[in-house]
Amino acid sequence: MMSQIQFINEFPEEEVFTYDKRIRLLKERKLRQTQEKIDREGGLDEDDYGRVVPPENVHFDFVPTHENGSFYGYKGWTLNYTRILNQHPLYCDPLDAFVGRGFFFMTRAKGEIWNPDYPYTELKKEFSKYNIVCGIGSDGHFTPDIQMGLELGWGGILEKLKKCRIENPAPESREFYDSEEQIVECIIAFLKRMAGEIQALSEQERNPYLKKNLQEMAQVNLKISDQSPSTMREAIQWMCWFSFFSRLYNRGPSGGQLDELLRPFFEADRKAGRITEEEAKFYIACLFLNDTRYYQLGGPDESGKDMTSRISYLILDAADWINIACNLTVRVHDDSDDELIRKGVEYLFKNKTGWPRFSGDNSLVNGFVKCGYTKELARRRLAGGCHWMSIPGMEYTLNDLVKVNTAKVFEVAYYDMMKHEEEPSVALLWEYFERHLGKAVAVTAKGILFHLKYQEKNEPELICNLLSHGPVEEGRDITKSARYFNMCIDGAGLATVADSFAACEQRIEKENKITFEDLTRHMQFNYSDFDGEYVRQMMLHSERYCGGDTAGDAWAKRISKTFSDMVREQSRLYPEICFIPGWFSWSNTLEFGRNIRATPNGRHDGEAISHGANPHSGFRKDGAVTAIANSIAAIQPGYGNTAPFQLEVDPGLANSPEAVDKMVSLIRTLLEQGNTLLNINIIDKDQILQAHQNPSLYPDLVVRVTGFTAFFSMLSPEFRQLVVDRVLAVNAGSEEERQVIEKETRRK
């Protein structure tokens, strides 16, 4: 067995601790651990996850079950997961209220991700042609039903497995139940071992305050090893361990409606006099320290009644207290508690760390209803990840894992048109684009179907199956037994494509300033040939998306509607699946851009494509929020998933009651317009420039990267630059600059 990872006798026996002091020390340690990750692993363009770097002497060796050296299916995953869990050391900090922080993800250490016994060679050709992120072999992005786990506990889950095994004696279910029972039995044994190790640590600890905390920690962990939690501390510890178990397996899912998950325990503890509000805040802050899962606050229940409660506020207060990377979403609807929105905005101004986000319930619910679901069911969908929604325990999705690079589709269409003998035109370019986009969407849908057919042979969801409705009851993996299969297909590069169409239409056909042939030559030279930069600037300053009723806006609406119709058409072809369109690119913005040559909108070869539903970075330096918001609202796909609005706000706005009131009003207005999700950054420009040059100067600087927040110092230089460009609005986008270009164009 590996050695324990622990902090023992770090403080003198006589030292006294308050909750404030513990939070301060825990955050300092968190920042040191973040720097350790950076030093060991380099830039990490992703969520923080709460993971810690293991000591040099801690190593995990997998047992391969395939000739390629990796492992797959029920047997491979069960064998290796239980083996790792039996060896995994304890990370325990006596200052913390909980244990449950891990070291790594098995999916990233196992070797080749997809089981080569199930090839998809023909699909790969099309995926490569259109630069599609297909999702095949990806761990599903969905939300388990944490409430189920809190009610049953691990012992209850094991009993449920044994009961359902008897009810499903079919031979094809045997492997499922064998694996799941082994997993849960191993989890229970692991938790009992952890409780024993924490008790041993408490016996070594000389500081009476820390000793008492460790003793309580040991009791909590022993209780929840096979019983369901009954106090708020036990419930959060259960959640911390579920995060650990699912992260260790495959990065794990989202967290759910945090205020409603904790409310019954908090209210029972308060009624019994077992907890103070300060203790409750401390426990929640330690939960955020443990992991940066996506949690939702507020919003309506099934009947439409707002779910805001006292603990909703305590959650925001706790996030402010620890003030690290955080992924909280406040869901806004007609009957929302305005004070909760206001509290969220106050912390946005105070901390300038990009949390919370705000989602728009009306658009999301009404959109999901268009997919054929009831409004009651639609209200159960929660903000589950960077941009997506999910019904806890009832949906299987590949949200944020399947993307069509529409900018690459445009490139293929453009050069396909130019190599034919037909006279090139914008109308003809649209025909080619529409044809290729249809092919890209169709092959993406086939990839999803392929994934659903074979994923259990590759990576069954052995942890999340346990908190889902269907798998345990039917004895089948969630990829076969989920109540609903709502598969999101995201488009990426909307502004790149819309601006390119608009630039061709304006400069070539309306103004006769250039021909398709000349434009093509300049693009092939990456605008570096004679007159290339002049042409690039001319194209760059055409009527762009988010300009406010421009040609770019008109093209964006047309592209988004066409894409959405094509995605929804897949549901008609494959009625067992609900395909849902979205616009989101995540960190693929960089990767997608590297695969695309120069484009007609003045973008250089290899530059990043546009981010999500936003305009290109730097456009509208005048900060015309209303025009941008109207444009993004107009292109929403409208079927229950989001196309987020990334809003960068001037940090010069004072953190005053008046400024907060204006921001609350703006949030309400933007969501009422039809926007679905608001990601808001309030960042000092000088500070972020200094942090970009020397990240170590600002180890605690947190930014909203895209759908997630992260320590700025953890990002790769390339991704930091992308955030900096967006925040600083670096581009020739002002009205004055556009007038200069227009004047020069007329002179030529």
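What you are looking at is a predicted structure, and each value in this text was computed from that prediction instead of being measured.
Checked for salt-bridge contact, Glu591 and Lys403 miss the test: no charged N lies under 4.0 Å from a carboxylate O. Checked for salt-bridge contact, Arg536 and Glu533 meet the test: a charged N lies under 4.0 Å from a carboxylate O. No salt bridge links Arg32 with Glu36; every basic N to acidic carboxylate O contact stays at or beyond 4.0 Å.
A heavy-atom distance below 4.5 Å is found between the side chains of Asp338 and Arg668.
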Show which side-chain atoms of residues 279-288 pair as donor or acceptor with protein atoms under 3.5 Å away, not counting sequence neighbours.
| from | atom 1 | to | atom 2 | distance (Å) |
| --- | --- | --- | --- | --- |
| Glu279 | OE1 | Thr276 | N | 3.0 |
| Glu279 | OE1 | Thr276 | OG1 | 3.4 |

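Distance alone, capped at 3.5 Å, is enough to place a donor-acceptor pair between the Asn213 side chain and the Pro94 backbone. With Ser665 contributing its side chain and Asp661 its backbone, the two residues share no donor-acceptor pair below 3.5 Å. The closest donor-acceptor contact from the side chain of Thr709 to the backbone of Cys326 lies under 3.5 Å. Not a single donor-acceptor pair under 3.5 Å links the side chain of Asn405 to the backbone N or O of Asn131.
Residues passing the side chain to side chain contact (heavy atoms under 4.5 Å, CB included) test with Asn290, sequence neighbours excluded: Arg101, Cys240, Ser243. Applying the ring-ring contact (aromatic ring centres under 6.0 Å, His included) criterion to Phe711, with sequence neighbours excluded, gives no partner residue. The ring-ring contact (aromatic ring centres under 6.0 Å, His included) check on His141 picks up Trp388, with sequence neighbours excluded. Tyr295 meets the ring-ring contact (aromatic ring centres under 6.0 Å, His included) test with no other residue; sequence neighbours excluded. With sequence neighbours excluded, the residues forming a ring-ring contact (aromatic ring centres under 6.0 Å, His included) with Phe584 are His387, listed by chain and number. With sequence neighbours left out, the salt bridge (Lys or Arg N to Asp or Glu O under 4.0 Å) criterion links Glu339 to no other residue. By the side chain to side chain donor-acceptor pair (under 3.5 Å) test, Gln721 pairs with His692, Asp725, sequence neighbours left out. In terms of the side chain to side chain donor-acceptor pair (under 3.5 Å) criterion, residue partners of Asp320 (sequence neighbours excluded) are, by chain and number, Lys350, Asn351. Here Glu14 pairs with Pro12 under the side chain to side chain contact (heavy atoms under 4.5 Å, CB included) rule; sequence neighbours left out.
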Could you walk me through whether Tyr545 and His616 satisfy the ring pair (Phe, Tyr, Trp, His ring centres under 6.0 Å) test, starting with their C-alpha distance in whole Å, then the side-chain angles of each, then the deciding distance to 0.1 Å, before giving a yes or no?
CA-CA 8 Å; Tyr545 168 57; His616 261 284; 9.6 Å; no
Apply side-chain contact (heavy atoms from CB on, under 4.5 Å) to residues Phe266 and Asp259 and explain how you reach the verdict.
CA-CA 10 Å; Phe266 169 71; Asp259 45 6; over 6 Å; no
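In this pair, Tyr527 and His604 present their aromatic rings perpendicular. The plane angle is above 60°, beyond the 30 to 60° band. Under the 30°/60° scheme for interplanar angles, the aromatic rings of Phe245 and Trp241 are found to lie parallel.
Within the structure, the salt bridge (Lys or Arg N to Asp or Glu O under 4.0 Å) test picks out no pair touching residues 695-706 (sequence neighbours left out). Annotation: salt bridge (Lys or Arg N to Asp or Glu O under 4.0 Å) contacts involving residues 246-256, sequence neighbours excluded, comprise Asp139-Arg251, Arg247-Asp291.
Ring to ring, Phe712 and Tyr698 are not that close: their centroids are 6.0 angstrom or more apart. Ring pair Tyr209/Phe11: centre-to-centre distance not below 6.0 Å.
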